[in-house]
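Side chains are part of it too, since the values below use all heavy atoms of this structure and drop only hydrogens, waters and symmetry mates. Quick note on labels: first sequence line is chain A, next is B, and so on, each numbered from 1.
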Amino acid sequence: MSNFLTIDKRTHYCADVDISDVEKEVTLMGWAHRRRDHGGVIFVDLRDRSGMIQVVFNPEAGQSVHEEAHKIRSEFVLALKGKVRKRPTGMENPALKTGEIEVVVSELEILNESKTPPFSFDETDISENIRLKYRYLDLRRPAIQQNLLLRSKLAAATRNYFEENGFIEVETPFLTKSTPEGARDYLVPSRISKGMFYALPQSPQLFKQLLMVSGFDRYYQIVKCFRDEDLRADRQPEFTQIDVEMSFVTESDLISVMEGLMAQVFRKCLNRELTIPFPQLSYADAINRYGKDNPDVRFGLELADLTDILPQSNFKLFREVIAAGGVVKAIKLDKSSALSRKELDELKDFVAVYGAKGLAWARVNVTDWTSPIYKFLSADEVKKINEKMNTSEGDTLFFVADVPRVVHDSLGNLRLHLAKKLNLYKADDLSFVWITDFPLMEYSETEKRYVSMHHPFTSPRLEDLALLSSQPDKVRARAYDLVLNGSEIGGGSIRIHRKDIQNQVFSVLGLSDEEARSKFGFLLDALEYGAPPHGGIAFGLDRLTMIMTGAESIRDVIAFPKTQKAACLLSDAPSKVSIEQLMELSLKIV
RNA sequence: GGGGUCGUAGUUAAGUUGGUUAUAACGCCGGCCUGUCACGCCGGAGGGCGUGGGUUCAAGUCCCAUCGGCCCCGCCA
């Protein structure tokens, strides 16, 4: 029996051994990343979470060690002891952090063997179903380990910041009450109360408001949230929020505390200094200029509104769209980014996804345009458009005419598509922007009623209160989103702390008093017992980590993620349960 | 719910207008090799093309269905 683990404790992580350790005896443990067997001397790259170091087995070191080394295969788990030495001149490996040195092994124990892994850890484009099935192996890859390491640093920096600033971390329940508004709930059947269900929280929203009523004053929590909706590249059904709530604050107080958080987090995790305060943009301006409420402001390509120029146009399509209350908008691509005719045509398909029935384009020449729609436009219209969009020779214009939503969706996304395709921004740019003055509610055609844009506990702006019953969609909310590089990384609001206003909002949302009582009675009650003015915000930890690591998928910043069908290929969840389990819960599969 | 795309040795891919025994690289196994680091050299094994139907003399190639991965629309207060 060897002394490894019991007497010979690990002295270093592999990549932490350096030139100053030469002549020292070290004990290392890790995985055999690669073996190079020269018949005589054998080299093994020993890997752990820190990185790699080359270890050497010389035949002279002793026959038994050398024989044991012959058995080493990929991913065998090794414990070894040896002396650090500088590599012979000319044998250094500059690609390796530890490339100047190596460890000459005197003792070796194979702590565990390994089957040949199903994929190579050097390979970068392994199909994702294989990676997810063997996630514990996928997670050995340094790139993913780095992502999770940064995620850990981000969480730590966040906790430090809040602790330093007088916030208290409080846990809130996972087994809680289903809420009618918002996303679809994950339900958990109650065994004790037959036919009753808990819901997993979409967010700890109501509980953190209650904590303000309790007087905690400053709350935070890094917490899982659950929404049973379809997945995207940046969306999982269970995700992590940095959840915050503060009492006796206004929007500007909260915003500046959160800017401090961002500054600290980026300094500690990425050693980057942010310029604060961040710029702010109203929701209306964001939509008008960028077509989206999560605008990527790293580049221009802003939308220009041409509706005023074209109501009498000879171009029937524009004229009719405007007459029907629609808008005509355009974006301008600089001449340095000219596209081929084929590429221009392909963009039609791109905007069709967002409901655009067409995409008109124009190439600006010295005196005219090259464009399918040029012949329909008057010289005056062309002149006014050229002036409004400040065109110069070689620029390309893209027009969409439709109802505002379609125009904004298609041009807003076309703008992102072109910027990415044509590299109009630098990969490491960081452009934060607060979006403010959201509408409190909007009319839902599917539900035939007004629905909250944020959530029903968001405070209306006091000066808009009078409009609440007459023109609900004109009421602005005291809500704010933080957008980074076109990604909504956080959103929050000042909440309603008065019962009468909360009731009024519920009523406009079509919630009867009885419904409001049965769903949110506990909140309404709490508002009657000295609820302080309060507000908060929640950040998406996963999305923030994605941006900080440059990950293209949320799965690359989550240790054990779900597939698009919300399945876990590793554990095979979700799965069937036994009839006994169902009976215990009084459940029947229909 | 809908649109798109992919599925061929362990992995990554190639596979002509359907046509002999389905290719390659890496990996794996065996042998040789004392300074490699994607070690090298020699030899070898390994799949019947996601699954199920169909068309055909003949299907990895065509058709239908189905399962799964990814991207998107809807959805995500």
Side-chain angles (χ1 to χ4, degrees), chain A residues 33-46 52-61 66 73-75 87-96 98-99 102 104 115-134 137 179-185 202-203 205-206 225-237 239 349-356 406 409-410 413 417 438-442 444-447 450-458 477 479 488 491-493 505 509 511 538 540 552-553 555 561-565 567 569:
Chain A
H33 187 72
R34 209 184 297 281
R35 174 187 62 120
R36 291 176 294 279
D37 185 344
H38 287 248
V41 67
I42 298 170
F43 301 98
V44 170
D45 293 330
L46 190 70
M52 288 195 280
I53 188 166
Q54 173 168 284
V55 301
V56 189
F57 298 90
N58 280 315
E60 296 81 18
H66 196 254
R73 294 292 182 276
S74 280
E75 299 306 311
R87 290 196 191 184
T89 310
M91 299 302 156
E92 300 88 355
N93 182 359
L96 213 57
T98 55
E102 61 192 10
V104 185
K115 288 170 73 172
T116 301
F119 51 83
S120 154
F121 301 138
D122 294 332
E123 202 88 48
T124 51
D125 49 354
I126 306 295
S127 60
E128 216 163 333
N129 49 347
I130 304 278
R131 287 179 51 197
L132 292 177
K133 181 175 177 189
Y134 297 96
L137 298 181
T179 53
E181 299 278 313
R184 195 176 293 115
D185 283 323
Q202 298 175 26
S203 84
Q205 181 61 36
L206 293 175
C225 300
F226 306 87
R227 295 178 190 175
D228 187 5
E229 298 293 348
D230 288 342
L231 293 83
R232 287 288 187 280
D234 64 351
R235 231 163 67 192
Q236 290 266 312
F239 59 100
D349 300 330
F350 178 84
V351 294
V353 168
Y354 303 97
V406 169
D409 266 5
S410 38
N413 286 299
H417 177 74
F438 283 85
L440 185 68
M441 19 184 109
E442 56 189 347
S444 162
E445 287 298 338
T446 49
E447 297 190 45
Y450 285 96
V451 296
S452 295
M453 196 129 173
H454 191 54
H455 57 54
F457 320 106
T458 301
E488 185 204 318
S493 62
V505 168
L509 291 172
L511 239 71
E552 294 204 349
S553 162
R555 295 179 297 281
K562 301 277 187 287
T563 69
Q564 192 157 54
K565 283 205 158 55
L569 298 182

Which atom pair, heavy atoms only, marks the closest approach of F438(A) to A479(A)?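 Closest heavy-atom pair between F438(A) and A479(A): CD1-O, 3.9 Å.
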
Give one of base, sugar-phosphate or nothing for [X], where a contact means two heavy atoms less than 4.0 Å apart.
X       : answer
P237(A) : nothing
E488(A) : nothing
T458(A) : nothing
P88(A)  : base
M91(A)  : base
D37(A)  : base
E60(A)  : base

With sequence neighbours left out, what residues match [X] under salt bridge (Lys or Arg N to Asp or Glu O under 4.0 Å)?
X       : answer
E488(A) : none
E229(A) : R184(A)
D409(A) : R405(A)

Between [N] ([atom2]) and [X] ([atom1]): distance, integer Å:
X       : N       : atom1 : atom2 : answer
I42(A)  : rC37(B) : CD1   : P     : 16 Å
Q54(A)  : rG35(B) : CD    : P     : 13 Å
H38(A)  : rC32(B) : NE2   : C1'   : 13 Å
F119(A) : rU12(B) : CZ    : P     : 10 Å
N58(A)  : rU34(B) : CG    : C1'   : 8 Å
F57(A)  : rU34(B) : CZ    : C1'   : 15 Å
E447(A) : rC75(B) : CD    : C1'   : 11 Å
M52(A)  : rU36(B) : CE    : P     : 18 Å

Residues in ring-ring contact (aromatic ring centres under 6.0 Å, His included) with Y354(A), at least two apart?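 Only F350(A) meet the ring-ring contact (aromatic ring centres under 6.0 Å, His included) criterion with Y354(A).
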
Results of ring-ring contact (aromatic ring centres under 6.0 Å, His included) for H455(A) - residues two or more places apart only: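 Residues passing ring-ring contact (aromatic ring centres under 6.0 Å, His included) with H455(A): F457(A).
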
Choosing from [options], which nucleotide comes nearest the side chain of [X]?
X       : options                   : value
R87(A)  : rC37(B), rG69(B), rG35(B) : rC37(B)
D45(A)  : rC37(B), rG69(B), rG35(B) : rC37(B)
I130(A) : rU11(B), rG69(B), rG35(B) : rU11(B)

Assign each of I126(A) and R184(A) to its nearest nucleotide of RNA chain B by heavy atoms, then name whichever residue's nucleotide is nearer the 5' end.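 It is I126(A) whose nearest nucleotide is closer to the 5' end.
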
What interatomic distance, in whole Å, is found between [atom1] of [M] and the corresponding atom of [N]?
N       : M       : atom1 : answer
rU21(B) : rG7(B)  : C1'   : 25 Å
rC26(B) : rC67(B) : P     : 39 Å
rG50(B) : rU61(B) : P     : 8 Å
rG47(B) : rG35(B) : C1'   : 38 Å
rU56(B) : rU16(B) : P     : 23 Å
rU23(B) : rA45(B) : P     : 13 Å
rC57(B) : rC71(B) : C1'   : 42 Å
rG68(B) : rA24(B) : P     : 34 Å

Classify the side-chain pair Q202(A)/D185(A) by whether it contains a donor and acceptor separated by less than 3.5 Å.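 There is such a pair between these side chains.
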
Side chain to side chain donor-acceptor pair (under 3.5 Å) against [X], all qualifying residues, sequence neighbours excluded:
X       : answer
N58(A)  : none
E552(A) : none
T446(A) : S444(A)
D234(A) : none

Could you identify the nucleotide paired to [N], looking across every strand shown and requiring Watson-Crick or G-U wobble geometry with both distances under 3.5 Å?
N       : value
rU5(B)  : rG69(B)
rC28(B) : rG44(B)
rU36(B) : none

So is the aromatic ring of F43(A) stacked onto the base of rU36(B), judging by whether the centres are under 5.5 Å apart and the planes are under 30° apart?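 Stacked: ring centres under 5.5 Å, planes under 30°.
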
Nearest 0.5 Å please: distance from the CZ atom of F239(A) over to the NZ atom of K562(A).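 Reported value, rounded in 0.5 Å steps: 13.5 Å.
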
Distance (rounded to the nearest 0.5 Å) between R36(A) CZ and H38(A) NE2: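 So the gap between those two atoms works out to 7.0 Å.
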
So, are R35(A) and D45(A) salt-bridged, with charged N and O less than 4.0 Å apart?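 D45(A) and R35(A): not salt-bridged.
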
Expected rows: protein N/O vs nucleotides 70-74 of chain B N/O, under 3.5 Å:
unit_1, atom_1, unit_2, atom_2, d
rC70(B), OP1, Q564(A), N, 3.4
rC70(B), OP2, Q564(A), N, 2.8
rC70(B), O3', R555(A), NH2, 3.0
rC71(B), OP1, R555(A), NH1, 3.4
rC71(B), OP1, R555(A), NH2, 3.0
rC71(B), N4, Q564(A), OE1, 3.3
rC72(B), OP2, A233(A), N, 3.2
rC73(B), OP2, R232(A), NE, 2.9
rG74(B), N7, R232(A), NH2, 2.7
rG74(B), O6, R232(A), NH1, 2.9
rG74(B), O6, R232(A), NH2, 3.1
rG74(B), N1, D230(A), OD2, 2.5
rG74(B), N2, D230(A), OD2, 3.1

Under 3.5 Å between N/O atoms: give me all the protein pairs with nucleotides 22-29 of chain B, atom names plus distance.
unit_1, atom_1, unit_2, atom_2, d
rC29(B), OP1, R73(A), NE, 3.2

Distances under 3.5 Å between protein N/O atoms and the N/O atoms of nucleotides 44-52 of chain B, please, pair by pair.
none

So, R235(A) side chain and D230(A) main chain: donor-acceptor pair closer than 3.5 Å or not?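 Yes; judged by distance alone, with no hydrogens or angles, the pair exists.
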
Any side-chain N or O of S127(A) below 4.0 angstrom from OP1/OP2 of rU11(B)?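 Looking at the OP1 and OP2 atoms of rU11(B), neither is under 4.0 Å from any side-chain N or O of S127(A).
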
Report yes if at least one side-chain N or O of R36(A) is closer than 4.0 Å to OP1 or OP2 of rU36(B); otherwise report no.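 The answer is no; no side-chain N or O of R36(A) sits under 4.0 Å from OP1 or OP2.
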
Does rG54(B) count as syn, meaning its glycosidic angle lies within 90° of 0, or as anti?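 The base of rG54(B) is oriented anti (glycosidic angle more than 90° from 0).
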
